[in-house]
Asker: 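This structure is in structure tokens; I'll ask about it shortly.
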Amino acid sequence: MIEPETAAVSVMVVDDHPIWRNGVARDLAERGFEVKATASDGDAAVRIARTVRPAVVLMDLNMGTSTGVEATGRITTELPGTRVLVLSASGEHTDVLEAVKAGASGYLLKSASVEELVDAVRRTANGDAVFTAGLAGLVLGEYRRMAATGPGSDPATPRLSERETEVLRLVAKGLTARQIADRLVISHRTVENHVQSTLRKLQLHNRVELARYAIEHGLDGDPDE
């Protein structure tokens with residue numbers, strides 16, 4: 001299957017180390033992404049993002065007086081069409097969970113290769129939740145814990161079709177769109193259509209929020225369990 005053109009994906013790189021920041025921006029530009037801007041701290045990232053409105057913001061976490069977590073929360077609140085992919089040297093569980101709770105769509109360690117970075121940015125732009133191996137399970141585990149201790153589900157939930165519910169269950173299990181397509185014997189595009197339809201119905205923004213919704217409403221297990 002032909003991947004979407006990266007030229008249509010606009011990005012902003014936020015990091016307080018100029019050599020790293022400029023290197024990431026150069027790597028992405030060389031691979032066809034549109035690097036709209038860079039920023040050296042969280043405050044500048046929010047201010048610039050309001051103007052250039054990138055599809056994806058690559059966000060470092062530890063920067064000066066304004067953290068990447070704070071900037072992530074402000075950007076995802078003010079610009080729902082912009083997704084934030086954290087690119088950090090820290091793999092600490094608290095950092096990962098704080099970033100996701102602030103609205104980040106994914107979390108990638110700086111040890112990732114250029115190829116992994118390019119794939120992660122493309123997938124984030126397409127709405128996937130992208131995590132360095134091992135971190136997705138951490139996030140889903142935290143959502144399960146929150147669901148177990150939090151309030152019960154709202155009975156007035158939007159009505160999903162049987163197929164949308166099937167797809168939602170598999171999203172909650174951490175499967176990618178291609179894995180879901182193989183499991184249900186449908187096309188990758190059909191899976192994406194169901195995901196986008198479910199996002200609209202539930203008024204959610206990305207697959208991380210979908211997974212959380214599914215867990216909170218008991219949809220992360222098999223239907224016969």
Side-chain angles (χ1 to χ4, degrees), residues 6 9-49 52 54-77 79 82-143 145 174 176 205-209 211-212:
T6 56
V9 179
S10 58
V11 299
M12 181 170 75
V13 182
V14 184
D15 197 290
D16 60 345
H17 291 89
I19 293 177
W20 177 269
R21 180 175 68 245
N22 295 335
V24 170
R26 182 183 63 250
D27 287 341
L28 293 176
E30 287 176 351
R31 285 158 178 80
F33 292 90
E34 180 187 3
V35 180
K36 287 212 165 188
T38 64
S40 61
D41 61 63
D43 289 333
V46 175
R47 185 173 64 253
I48 295 170
V52 302
V56 178
V57 174
L58 276 168
M59 181 73 72
D60 191 19
L61 289 185
N62 300 312
M63 302 176 295
T65 58
S66 178
T67 70
V69 170
E70 293 169 347
T72 295
R74 292 165 64 188
I75 288 172
T76 55
T77 298
L79 306 172
T82 295
R83 297 184 173 94
V84 175
L85 172 63
V86 171
L87 182 60
S88 175
S90 171
E92 292 294 324
H93 290 183
T94 53
D95 289 336
V96 178
L97 294 176
E98 285 181 4
V100 173
K101 289 174 183 177
S105 295
Y107 197 107
L108 197 66
L109 295 180
K110 286 185 174 180
S111 57
S113 67
V114 174
E115 290 73 21
E116 289 171 327
L117 173 63
V118 168
D119 179 65
V121 175
R122 183 184 295 119
R123 289 175 56 198
T124 299
N126 286 339
D128 284 342
V130 184
F131 293 89
T132 293
L135 297 183
L138 166 71
V139 174
L140 291 176
E142 175 67 6
Y143 282 163
R145 186 194 67 77
T176 66
H205 299 113
N206 54 53
R207 282 172 170 77
V208 174
E209 293 182 3
R212 179 174 182 175

Asker: Would you say that Leu28 contacts Val121 through its side chain, given a criterion of any heavy-atom pair below 4.5 Å between the two side chains?
Answerer: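 Sidechains of Val121 and Leu28: in contact.
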Asker: Kindly compute the distance separating CG (Asp95) from CG (Leu61), expressed to the nearest 0.5 Å.
Answerer: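 So the CG of Asp95 and the CG of Leu61 are separated by 5.5 Å.
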Asker: Salt bridge or not between Lys110 and Asp60? Use side-chain N to carboxylate O under 4.0 Å.
Answerer: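 Salt bridge flag = yes for Asp60 with Lys110.
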Asker: Could you grab the distance from atom OG1 of Thr38 to atom CD1 of Ile48, nearest 0.5 Å is fine?
Answerer: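 Nearest 0.5 Å value for the OG1-CD1 distance: 6.5 Å.
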Asker: I'd like to know whether Val11 forms a side-chain contact (heavy atoms from CB on, under 4.5 Å) with Val35, so could you lay out the CA-CA distance, the side-chain angles of the two residues, the decisive distance to 0.1 Å, and finally the verdict.
Answerer: CA-CA 5 Å; Val11 299; Val35 180; 3.8 Å; yes
Asker: Go through it in stages, so that I can follow the logic: the residues are Leu58 and Leu117, the test is side-chain contact (heavy atoms from CB on, under 4.5 Å), and I'd like the CA-CA distance, side-chain angles, deciding distance and then a yes or no.
Answerer: CA-CA 10 Å; Leu58 276 168; Leu117 173 63; 4.0 Å; yes
Asker: First locate atom CG of Asn22, then atom CG of Asp27, and finally report the distance between them rounded to the nearest 0.5 Å.
Answerer: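 Rounded to the nearest 0.5 Å, the CG-CG separation comes to 11.0 Å.
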Asker: Tell me, please, which residues at least two apart from Asp128 pass salt bridge (Lys or Arg N to Asp or Glu O under 4.0 Å).
Answerer: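 Partners of Asp128 by the salt bridge (Lys or Arg N to Asp or Glu O under 4.0 Å) criterion, ordered by chain and then number, come out as Arg123, Arg207.
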Asker: Assess the residue pair Arg74 and Asp43 against the criterion (salt bridge (Lys or Arg N to Asp or Glu O under 4.0 Å)); give the C-alpha distance rounded to whole Å, side-chain angles, the decisive distance to 0.1 Å, and a yes or no.
Answerer: CA-CA 10 Å; Arg74 292 165 64 188; Asp43 289 333; 3.1 Å; yes
Asker: State, to 0.1 Å, how close Ser90 and Tyr107 come at their nearest heavy-atom pair, and which atoms those are.
Answerer: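 That would be O-OH, 2.6 Å.
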Asker: Counting N and O atoms only, with roles assigned by atom type, does the side chain of Arg83 sit under 3.5 Å from a partner on the main chain of Val56, one being a donor and the other an acceptor?
Answerer: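 Between the backbone of Val56 and the side chain of Arg83 there is no qualifying donor-acceptor contact (under 3.5 Å).
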Asker: Has the side chain of Thr76 got a donor or acceptor atom that lies under 3.5 Å from a matching backbone atom of Ala102?
Answerer: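 Yes: the side chain of Thr76 pairs with the backbone of Ala102.
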Asker: Please report the shortest heavy-atom distance between Ser40 and Met63, naming the atom on each side.
Answerer: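 Between these two residues, the closest heavy atoms are O-SD, 4.1 Å.
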Asker: Would you say the side-chain atoms of Thr82 pair up with the backbone N or O of Pro54, donor to acceptor, closer than 3.5 Å?
Answerer: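 Side chain of Thr82 to backbone of Pro54, a donor-acceptor pair under 3.5 Å: yes, one is there.
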Asker: Check Arg31 against Val118 and note the closest heavy-atom contact, atom names and distance.
Answerer: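 Shortest heavy-atom contact: CD-CG2, 3.2 Å.
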Asker: Please name the pair of heavy atoms, one in Ala45 and one in Met12, separated by the smallest distance, quoted to 0.1 Å.
Answerer: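 Reported closest heavy-atom pair: O-CE, 3.3 Å.
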Asker: Of the options Val100, Thr72, Leu79, which is the one that meets Val84 in a side chain to side chain contact (heavy atoms under 4.5 Å, CB included)?
Answerer: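 Only one of Val100, Thr72, Leu79 forms a side chain to side chain contact (heavy atoms under 4.5 Å, CB included) with Val84, namely Thr72.
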Asker: Give me the one residue out of Ile75, Leu85, Val13 that meets side chain to side chain contact (heavy atoms under 4.5 Å, CB included) with Met59.
Answerer: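 Of Ile75, Leu85, Val13, side chain to side chain contact (heavy atoms under 4.5 Å, CB included) with Met59 is met by Ile75 alone.
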